[in-house]
**Q** 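Quick one: structure below, then a few questions.
Being a predicted model, the structure only gives us computed values, none of them experimental.
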Amino acid sequence: QVQLVESGGGLVQAGGSLRLSCAASGRSISRYTIGWFRQAPGKEREFVVALGRNGDSTYYADSVKGRFTISRDAAKNTVYLQMNSLEPEDTAVYCCAADTSRFISAAQSEYEFWGQGTQVTVSS
């Protein structure tokens, strides 16, 4: 079983950047499809991006395409989410999740393991 811990959140001005980390322990992160999800106040949790087990296949939500980039450092057992050109609408708690399937999915129900999340706040 894998445990996930997110870090890197914080307060940033609109137009700024942050890099979130999703560190895995217990199992190799390369065994999982890793997804990032976010939940803004008063809204349902939504899919942001996922990275396949091969470390190359990606799927981005339209709202972040061209601004966010997901990557993996297998040696550090960590997946990163580089977020550029941040907007106030990106304010949310960001969680990473792991799915044992080799298929990338945006469906939360496919992900078996979840981290606690890290807060991202973008001021205007």
Side-chain angles (χ1 to χ4, degrees):
Q1 188 164 337
V2 66
Q3 292 81 43
L4 304 172
V5 177
E6 303 92 337
S7 62
L11 174 64
V12 64
Q13 288 188 329
S17 299
L18 282 174
R19 188 179 77 159
L20 305 184
S21 299
C22 173
S25 61
R27 291 279 179 93
S28 170
I29 204 167
S30 301
R31 296 175 61 142
Y32 302 89
T33 289
I34 299 296
W36 282 97
F37 295 82
R38 66 186 182 185
Q39 186 167 19
K43 295 186 177 181
E44 294 190 354
R45 187 163 56 189
E46 65 175 4
F47 171 79
V48 177
V49 60
L51 176 69
R53 296 191 314 191
N54 61 6
D56 291 324
S57 301
T58 58
Y59 177 50
Y60 290 86
D62 288 343
S63 58
V64 306
K65 203 173 294 183
R67 300 188 298 122
F68 291 11
T69 304
I70 191 170
S71 63
R72 184 176 76 191
D73 186 333
K76 295 184 177 180
N77 220 25
T78 299
V79 166
Y80 300 100
L81 180 62
Q82 178 67 44
M83 306 187 296
N84 298 329
S85 302
L86 283 162
E87 304 167 351
E89 294 73 24
D90 295 315
T91 295
V93 174
Y94 285 71
C95 294
C96 62
D99 174 12
T100 54
S101 171
R102 62 187 177 94
F103 298 107
I104 293 179
S105 174
Q108 299 176 43
S109 59
E110 294 295 317
Y111 291 82
E112 297 111 308
F113 307 101
W114 291 78
Q116 292 299 309
T118 185
Q119 175 71 46
V120 171
T121 303
V122 184
S123 63
S124 57

**Q** Output the distance between atom CZ (Phe68) and atom CG (Leu81), rounded to the nearest 0.5 Å.
**A** 6.0 Å
**Q** Minimum heavy-atom separation for Val120 to Gly9, with atom names?
**A** CG2-CA, 4.2 Å
**Q** Can a donor-acceptor pair be found, under 3.5 Å and without considering hydrogens, that links the side chain of Thr33 to the backbone of Ile104?
**A** no
**Q** Going by the angle between their ring planes, with limits at 30° and 60°, are Tyr111 and Phe37 parallel, tilted or perpendicular?
**A**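 The arrangement is perpendicular - the two ring planes meet at more than 60°.
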**Q** Say whether, by atom type as modelled, one donor and one acceptor occur between the side chain of Arg102 and the main chain of Arg31 under 3.5 angstrom.
**A**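 A pair under 3.5 Å: no.
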**Q** Measure the spacing between CD of Glu110 and OG of Ser101 and express it to the nearest 0.5 Å.
**A**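 These two atoms lie 6.5 Å from each other.
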**Q** Determine whether a donor-acceptor pair (N or O, by modelled atom type, separation under 3.5 Å) exists between the side chain of Gln108 and the backbone of Arg45.
**A** yes
**Q** Would Val12 end up clustered with Val48 when hydrophobic side chains under 4.5 Å apart are linked, directly or stepwise?
**A** yes
**Q** Determine the minimum heavy-atom distance between Gln39 and Lys43, stating which atoms define it.
**A** NE2-O, 3.1 Å
**Q** Consider only side-chain heavy atoms of I, L, V, M, F, W and Y, link residues closer than 4.5 Å, and tell whether Leu20 and Val93 are in one cluster.
**A** no
**Q** Would you confirm whether Tyr60, through its side chain, and Ile70, through its main-chain N or O, come within 3.5 Å as a donor-acceptor pair?
**A**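 Present.
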**Q** Return the CZ to CD distance between Arg67 and Gln82, rounded to the nearest 0.5 Å.
**A**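 That separation rounds to 12.0 Å.
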**Q** Return yes if some donor-acceptor pair links the side-chain N/O of Ser28 with the main-chain N/O of Ser30 below 3.5 Å, else return no.
**A**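 Here the side-chain-to-backbone pair exists.
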**Q** Checking the side chain of Arg53 only, and the main-chain atoms of Thr100 only, is there a donor and an acceptor separated by less than 3.5 Å?
**A**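 Here the side-chain-to-backbone pair exists.
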**Q** Compute whether any side-chain donor of one residue and acceptor of the other, for Arg19 and Tyr80, lie under 3.5 angstrom apart.
**A**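 There is no such pair between these side chains.
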**Q** Ignoring hydrogens and geometry, is there a side-chain-to-backbone donor-acceptor pair from Asn54 to Ser57 under 3.5 Å?
**A**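 Side chain of Asn54 to backbone of Ser57: a pair is present.
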**Q** Decide whether Trp36 and Phe47 are clustered together by the hydrophobic rule: side chain heavy atoms of Ile, Leu, Val, Met, Phe, Trp, Tyr closer than 4.5 Å, transitively.
**A**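 No, separate clusters.
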**Q** Cys22 and Leu4: which non-hydrogen atoms are nearest, and at how many Å?
**A**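 That would be SG-CD2, 4.0 Å.
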**Q** Quick check for you: to the nearest 0.5 Å, what is the distance between Ile29 atom CD1 and Asp73 atom CG?
**A** 10.0 Å
**Q** Can you see which heavy atom on Arg72 is nearest to which on Leu51, and at what distance?
**A**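 Closest approach of Arg72 to Leu51: CB-CD2, 3.6 Å.
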**Q** Under 3.5 Å, is there a donor-acceptor pair between the side chain of Thr78 and the main chain of Lys76?
**A**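 At least one qualifying donor-acceptor pair exists.
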**Q** Quick check: are there more than 12 heavy atoms from other residues, nucleotides or ligands sitting under 6.0 Å from CZ of Phe113?
**A** yes
**Q** Do Trp114 and Tyr32 share a hydrophobic cluster, counting only Ile, Leu, Val, Met, Phe, Trp and Tyr and linking them when any side-chain heavy atoms are less than 4.5 Å apart?
**A**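 In one cluster: no.
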**Q** What's the spacing between Ser109 OG and Asp99 CG if we round to 0.5 Å?
**A**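 With rounding to 0.5 Å, OG (Ser109) is 9.0 Å from CG (Asp99).
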**Q** Do you know which two heavy atoms are closest between Val122 and Thr91, and how far apart they sit?
**A** N-OG1, 2.9 Å
**Q** Name the residue from Leu11, Leu86, Leu18 that meets the side-chain contact (heavy atoms from CB on, under 4.5 Å) definition with Thr121.
**A**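 Looking at Leu11, Leu86, Leu18, the match for Thr121 under the side-chain contact (heavy atoms from CB on, under 4.5 Å) is Leu11.
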**Q** State plainly whether one hydrophobic cluster holds both Tyr59 and Tyr94, where clusters connect Ile, Leu, Val, Met, Phe, Trp and Tyr through side-chain heavy atoms under 4.5 angstrom apart.
**A** no
**Q** From Gln13 CD over to Ser124 OG, what is the distance, rounded to the nearest 0.5 angstrom?
**A** 9.5 Å
**Q** Take Gln1 and Arg27 through the side-chain hydrogen bond (donor to acceptor under 3.5 Å, both in side chains) test and state the conclusion after the steps.
**A** CA-CA 6 Å; Gln1 188 164 337; Arg27 291 279 179 93; over 6 Å; no
**Q** Give me the atom names and distance for the closest heavy-atom approach of Ala14 to Pro88.
**A**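 In terms of heavy atoms, the two residues are closest at CB-CD, 4.1 Å.
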**Q** Look only at the side chain of Glu6 and the backbone of Gln116, and say whether a donor-acceptor pair between them is shorter than 3.5 Å.
**A** yes
